[in-house]
Every structure is written in structure tokens, then in C-alpha cells.
Amino acid sequence: MAIGFACLVIGDINTSLSHCRLKNAGQNNLRKIAFANLSALEAMVDYNIKQGISLFRISSDIIPFASHPEMEFDWQHEFGQLFDRIGRKIKSAGLRVSMHPGQYTVLNSPRPGIAEKAAADLQYHAAFLDSLSAGRESKIILHIGGVYDDKNKAAASFIENFNRLPLPIQSRLVIENDDKNYSAEDVLEISQVTGIPMVFDNLHHLLNPSRNNLSQFEWIELCSATWKAADGKPKIHYSQAKDGGSRGAHSNTINAREFVEFYNGLPDKTIDIMLEVKDKNLSAIKCMNAVNPGLPVGQLEEEWARYKYLVLSRSASIHNEISDMLKNKPIIDTAAFYEMIDRAGEPTEDHDAQVYAAQKVWGYLKGSCSESKKKRFHKLLKQYSEGTIRIHTMKKHLFKCAAEQNNQYIVKSYYFYF
DNA sequence: TGACGTCAAGATCCG
DNA sequence: CGGATCTTGACGTCA
């Protein structure tokens with residue numbers, strides 16, 4: 001079993017992606033951005049390897065406007081060496097990578113040109129994975145598309161256009177149920193006609209259920225059966241709905257208790273689970289740890305070091321509870337640890353806790369800070385106490401001080417990212 | 001015609 | 001001018 005996350009890493013340096021507007025999409029700018037993004041991808045791959053994460057979705061935006069007419073240079077060839085190096089790292093670590101074109105890649109559209117653009121986009125995704133020498137188990141996950149007042153006809157168009165794709169692209173594709181048009185039942189039917197493996201998405205299923213009354217776990221078994229040996233381990237998408245969010249919006253973080261309950265219900269624990277969640281790698285590590293009761297205490301202490309000041313800024317009492325838990329027990333209940341972390345993440349505005357945490361972080365930094373930085377800290381603290389600035393501004397200043405001093409313990413803290 | 005999702009880039013505002 | 005904050009972009013479908 002592998003648990004993974006999508007597209008970007010929170011809290012590690014040199015991993016952020018660059019973008020550009022169509023009006024700035026000259027060849028030199030595209031080159032520059034593609035190179036920067038491939039370098040960021042390498043940093044993300046390094047991060048995954050270091051953290052023992054073995055499932056990762058690569059962002060479609062690494063090569064900007066890759067399947068747009070604006071793109072004229074041969075990025076596969078120009079960055080061949082970089083692709084080789086990243087690909088070798090991925091392979092030797094046993095990292096399974098995938099890609100997932102967005103909701104705007106619609107292979108079954110009847111409108112002129114849209115399906116052709118979708119095919120070109122799939123060609124790009126396949127070329128990207130080919131450039132990494134990724135095996136056939138590295139998949140491209142695609143939704144079926146629109147309905148156009150006639151679902152059967154629209155599904156037939158999908159199948160027709162799929163069959164027209166070059167075989168190497170066909171063999172990379174996986175289809176997924178969506179939150180309003182194609183339910184798990186609809187997609188499974190297309191999977192059975194075409195032989196395309198299917199990813200089951202639990203939240204989409206909740207929002208767009210199938211007519212029969214199978215449980216989500218029964219659906220997972222049915223979908224897993226669509227994967228052949230060459231396709232690699234069956235995979236699902238797992239997410240939780242955002243509280244008070246719009247329909248289908250993903251939660252900020254995965255609730256550990258809810259995930260563990262889901263995991264315990266899984267009939268086959270060897271499948272791969274791709275998390276779709278705002279806090280990305282944080283939730284991936286959380287879920288991996290939460291279902292691993294034999295986790296060495298040292299690894300949980302590393303997690304605590306990263307969460308500590310974030311928790312402290314929300315609630316002093318939860319901070320103390322977790323602190324005591326790690327101090328006194330030889331064996332830690334990892335799920336309980338993350339339940340407490342989740343409890344600290346629930347939205348509250350504890351002004352005093354924010355001030356206290358900022359002062360604690362400052363305690364690590366003040367010794368090696370310039371006078372002007374010290375002055376600014378105290379000014380910001382006063383302003384925050386008076387309610388004239390947001391805590392975000394203070395965190396930005398503290399991060400700058402920590403980065404300047406290269407204080408890795410503080411720089412790596414999740415405190416700065418929320 | 002706007003919502004949907006996404007997150008930097010770009011624009012504008014503030015001190 | 002630097003930094004904070006608001007708006008735009010790029011895509012296709014559906015209401």
C-alpha cells in the first residue's frame with residue numbers, strides 16, 4: 001500500500017512552480033519556466049524519497065502551455081538530461097508517479113476542435129511520463145467529460161475517441177468517476193467495454209452516487225478488478241469534503257480519525273491511495289503514520305518538531321497534551337497523536353496563543369538578528385496585539401529571520417504555512 | 001453570462 | 001520603494 005499526494009510540496013525549499021500568461025508565452029520565457037519547474041520537480045522527488053513517500057502526482061503545469069500552439073521548442077529533447085536524472089531517481093526509489101489533466105481536458109466533446117485539443121493534451125502527458133522513462137504503471141487519470149443531453153451517446157463518443165488515440169497513450173489512461181456527470185456505475189461500464197482501468201473517487205461517489213446500493217468498499221473491489229498486472233497496483237482517490245465549502249471542495253487537511261476508519265474498512269490494504277487535499281504532503285505523512293502503529297517514536301518526534309509551533313499558536317493546552325504524550329510513553333498511539341493535531345487545526349482565533357507562539361519562535365532567532373529585525377519584530381508584535389495587522393505578517397517576518405540565519409529547525413516548521 | 005478550481009502573476013493600494 | 005492585498009488568467013461545461 002502507498003499513500004500519496006498531488007502536485008506540490010508544502011514546507012520545503014525550491015519546490016514551488018512558476019507560471020506565465022499566454023501573452024508572455026514567448027519561447028525564451030517558456031524555456032525558463034519549464035527548466036525552473038523541472039528543477040522544482042526534482043526537489044519534490046527528492047523530498048518524497050527522503051520522507052519515504054512512494055506515490056506522487058506530477059502537476060500538469062510543469063511544462064507551461066505544453067500542448068498549446070504557442071509551444072514551439074522541443075522540450076523533451078532540450079531537457080533530456082534533466083528528465084533522465086529525475087527519471088532515474090524515481091525508478092531507483094520505487095516512486096510511482098502519475099498525472100491528471102484538469103476538468104478542461106474533454107475527450108468526448110462534440111464541439112469542433114475540443115476533442116482534438118484533449119488528444120493533444122493527453123499526448124503531452126504521455127510524452128512527459130515517457131521522458132522520465134516511467135513504466136506503464138505510471139498512469140494518466142482522466143474524467144469521461146460532458147453529457148450533452150445524451151449520456152449514452154456522449155459515452156460512445158468517449159470510447160470512439162479513446163480508440164483513435166495511439167496505443168502507447170491508451171495504455172497509460174485510467175478513468176475516474178466525477179462529482180456530477182459520470183457516476184462509478186457509468187464509468188465502470190465504460191471501463192468494461194474498453195478495458196481501461198478505473199480509479200474510484202470516494203468524494204465524487206458521495207456527491208454523485210450510483211443507482212444500486214453497493215458500499216464504497218464494494219465499489220473499490222469492483223474497480224480494483226479492472227486493473228491488469230501490467231497496470232500496477234489498483235489505485236483510488238481519497239478526499240474529505242471541506243466544512244462549509246462549496247460542492248465537492250476538498251478539505252484543508254485529512255481528518256486522521258475519519259481516514260483510519262476508512263482504511264480499516266478497506267477490503268484490500270495493498271491498493272494505492274492518492275489523497276486530494278489542500279495540505280498535500282502533510283496529510284500524506286499524517287495518513288501513513290496514523291495507520292502505522294509500529295512507527296518508531298523518533299519519526300513521530302520529527303513530525304512534532306514541525307507541528308509544534310503551529311499547535312502552540314492555536315492552543316496551549318493541546319500543545320501540552322501532545323508534549324506529555326510523547327514524553328511519557330514508550331509506545332505512541334499514532335492515530336491519537338494526529339487526532340490531537342487535527343483538534344488544534346479546527347478554526348478558532350486564540351489571540352493570546354498566537355502571541356505566545358510568535359514569542360517562542362522569536363526566542364530561537366533573537367540572538368542572531370540585526371537590530372532592525374529586532375525592532376521590526378517588536379513593532380509587529382505590538383501591532384498584532386492592537387489588532388491592526390494579521391498574524392500572517394508576523395510569520396513572514398519570523399520566517400525571513402530564520403531563513404537568513406539558516407535555522408533549519410525553525411525554517412522547517414509548518415507554523416509558517418497556515 | 002457567471003460559477004466552477006487553482007495558485008501564481010500581475011495590478012493596485014498603503015505607509 | 002517595499003510590502004500587503006486584491007484581481008486576473010486559462011481551460012470547457014452547465015445552469
Side-chain angles (χ1 to χ4, degrees), chain A residues 5-10 14-26 29-30 32-34 36-37 40 44 57-71 99-122 124-125 141-151 153-155 157-158 161 176 178-182 201 203-204 207-208 237 239 241-242 245-252 276-280 372-373 376-377 379-380 382-384 386 388-401 417-418:
Chain A
F5 66 101
C7 300
L8 56 103
V9 168
I10 291 175
N14 302 329
T15 60
S16 62
L17 298 180
S18 301
H19 298 258
C20 78
R21 300 288 194 265
L22 193 48
K23 62 177 178 184
N24 302 324
N29 201 26
L30 291 176
K32 217 172 75 193
I33 293 171
N37 286 348
M44 291 194 259
R57 178 189 300 164
I58 296 173
S59 167
S60 298
D61 298 334
I62 302 277
I63 311 291
F65 295 101
S67 63
H68 193 280
E70 206 66 36
M71 171 58 74
M99 296 181 88
H100 187 14
Q103 57 186 302
Y104 302 111
T105 301
V106 184
L107 191 60
N108 74 339
S109 175
R111 282 173 57 205
I114 305 300
E116 289 78 2
K117 276 197 217 171
D121 200 38
L122 294 174
Y124 152 64
H125 285 85
I141 289 82
L142 185 67
H143 291 291
I144 303 300
V147 171
Y148 317 106
D149 297 325
D150 185 342
K151 203 186 268 185
K153 197 173 144 200
S157 297
F158 177 87
N161 291 342
E176 177 193 354
D178 67 70
D179 62 349
K180 37 181 188 291
N181 297 333
Y182 293 86
D201 184 300
L203 184 59
H204 293 162
L207 296 165
N208 183 18
H237 288 176
S239 58
K242 186 188 182 78
S246 63
R247 179 193 161 82
H250 295 142
S251 61
N252 291 332
E276 294 180 317
V277 58
K278 290 270 193 294
D279 72 358
K280 307 291 183 188
S372 66
K373 288 237 159 45
R376 182 158 164 80
F377 170 78
K379 187 180 172 195
L380 290 174
K382 186 164 170 278
Q383 287 176 315
Y384 179 71
E386 290 164 351
T388 52
I389 61 159
R390 296 198 278 178
I391 196 64
H392 172 77
T393 309
M394 169 61 91
K395 288 187 181 184
K396 236 176 143 171
H397 179 63
L398 289 170
F399 186 79
K400 216 168 155 182
C401 296
Y417 298 91
F418 298 93

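Letters go in sequence order (proteins before strands), and every chain restarts at 1.
Checking each of A:Lys396, A:Met394, A:Lys400 against A:Leu398 for a side chain to side chain contact (heavy atoms under 4.5 Å, CB included) leaves exactly one that passes, namely A:Met394.
With the nearest nucleotide of DNA chain C identified for both A:Arg390 and A:Thr105, A:Arg390 has the one nearer the 5' end. Along DNA chain B, the nucleotide closest to A:Gly248 and the one closest to A:Lys379 are compared, and the more 5′ of them pairs with A:Gly248.
What separates CD of A:Glu70 from C1' of C:dA10 is a distance of 13 Å, to the nearest Å. Rounded to whole Å, atom P of B:dC7 lies 15 Å from atom OH of A:Tyr417. Between A:Asn37 atom CG and B:dA8 atom P there is a gap of 11 Å when expressed in whole angstrom units. Rounded to a whole Å, the CG atom of A:Asp178 is 14 Å from the C1' atom of B:dG5. Atoms CG (A:Leu30) and C1' (B:dA9) sit 15 Å apart, rounded to a whole Å. Put simply, CG on A:Asn252 is 11 Å from P on B:dC7, counting in whole angstrom units. Counting to the nearest Å, the C1' atom of C:dC14 and the CG atom of A:Asp149 are 10 Å from each other. Computed from coordinates, the A:Asn161 CG to C:dG12 C1' distance equals 15 Å when rounded to whole Å.
Distances shorter than 4.0 Å separate none of the side-chain N or O atoms of A:Lys180 from OP1 or OP2 on C:dC14. The phosphate of C:dC11 (OP1 or OP2) has a side-chain N or O of A:His68 nearer than 4.0 angstrom.
Listed for the A:Tyr148 side chain is no donor-acceptor partner under 3.5 Å among the backbone atoms of A:Lys153. A side-chain donor-acceptor contact under 3.5 Å links A:Tyr182 to the backbone of A:Gly146. Although no hydrogens or angles enter the test, the distance criterion places no donor-acceptor pair under 3.5 Å between the side chain of A:Lys117 and the main chain of A:Thr105. With A:Asn181 contributing its side chain and A:Gly145 its backbone, the two residues share a donor-acceptor pair below 3.5 Å. Looking only at distances, a side-chain donor or acceptor of A:Asn37 sits under 3.5 Å from a matching main-chain atom of A:Ser18.
Here A:Gly146 lies in heavy-atom contact (under 4.0 Å) with sugar-phosphate atoms only. When heavy atoms are screened at a 4.0 angstrom cut-off, A:Lys400 is found touching the sugar-phosphate backbone but no base atom. Residue contacts for A:Ser109: at a heavy-atom cut-off of 4.0 Å it reaches the sugar-phosphate backbone alone, with no base atom in range. A:Thr393 comes within 4.0 angstrom of sugar-phosphate atoms only, judged by non-hydrogen atoms across all strands, and of no base.
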Fill in: Test log, rule side-chain contact (heavy atoms from CB on, under 4.5 Å), inputs A:Leu17 and A:Met44
CA-CA 11 Å; A:Leu17 298 180; A:Met44 291 194 259; 3.9 Å; yes
Item to complete: Just do the side-chain contact (heavy atoms from CB on, under 4.5 Å) check on A:Lys280 and A:Val9 with the steps written out, would you?
Response: CA-CA 7 Å; A:Lys280 307 291 183 188; A:Val9 168; over 6 Å; no
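Taking every heavy atom of both residues into account, A:Cys401 and A:Lys373 meet most closely at SG-CD, 3.2 Å.
For A:Ala249, whose side chain is taken as the heavy atoms from C-beta onward, the closest listed nucleotide among B:dG5, C:dC11, C:dT5 is B:dG5. Picking from C:dT13, C:dC11, C:dG3 the nucleotide with the shortest atom distance to the side chain of A:Tyr104 gives C:dC11. Proximity note for A:Gln103 (side chain, C-beta onward) versus B:dC4, C:dC11, C:dC14: the nearest is B:dC4. The side chain of A:Val106 approaches C:dG12 more closely than any other nucleotide in the set C:dG12, C:dA4, C:dC11. When each of C:dA4, C:dG12, B:dA8 is scored by its nearest atom to the side-chain atoms of A:Leu8, the top-ranked nucleotide is B:dA8.
In this structure, the helix from B:dT1-C:dA15 to B:dG15-C:dC1 shows an angle of 70° between the axis at its start and the axis at its end, each fitted on 5 base pairs and rounded to 10°.
Taking the six-membered ring for Trp and the full ring otherwise, the centers of A:His237 and A:His100 sit less than 6.0 Å from each other.
At a non-hydrogen distance threshold of 4.0 Å, A:Arg21, A:Leu22 from residues 18-26 of chain A come into contact with DNA chain C.
At a cut-off of 3.5 Å, with distance as the only test, no side-chain donor of A:Ser157 or A:Asn108 sits close to an acceptor on the other residue.
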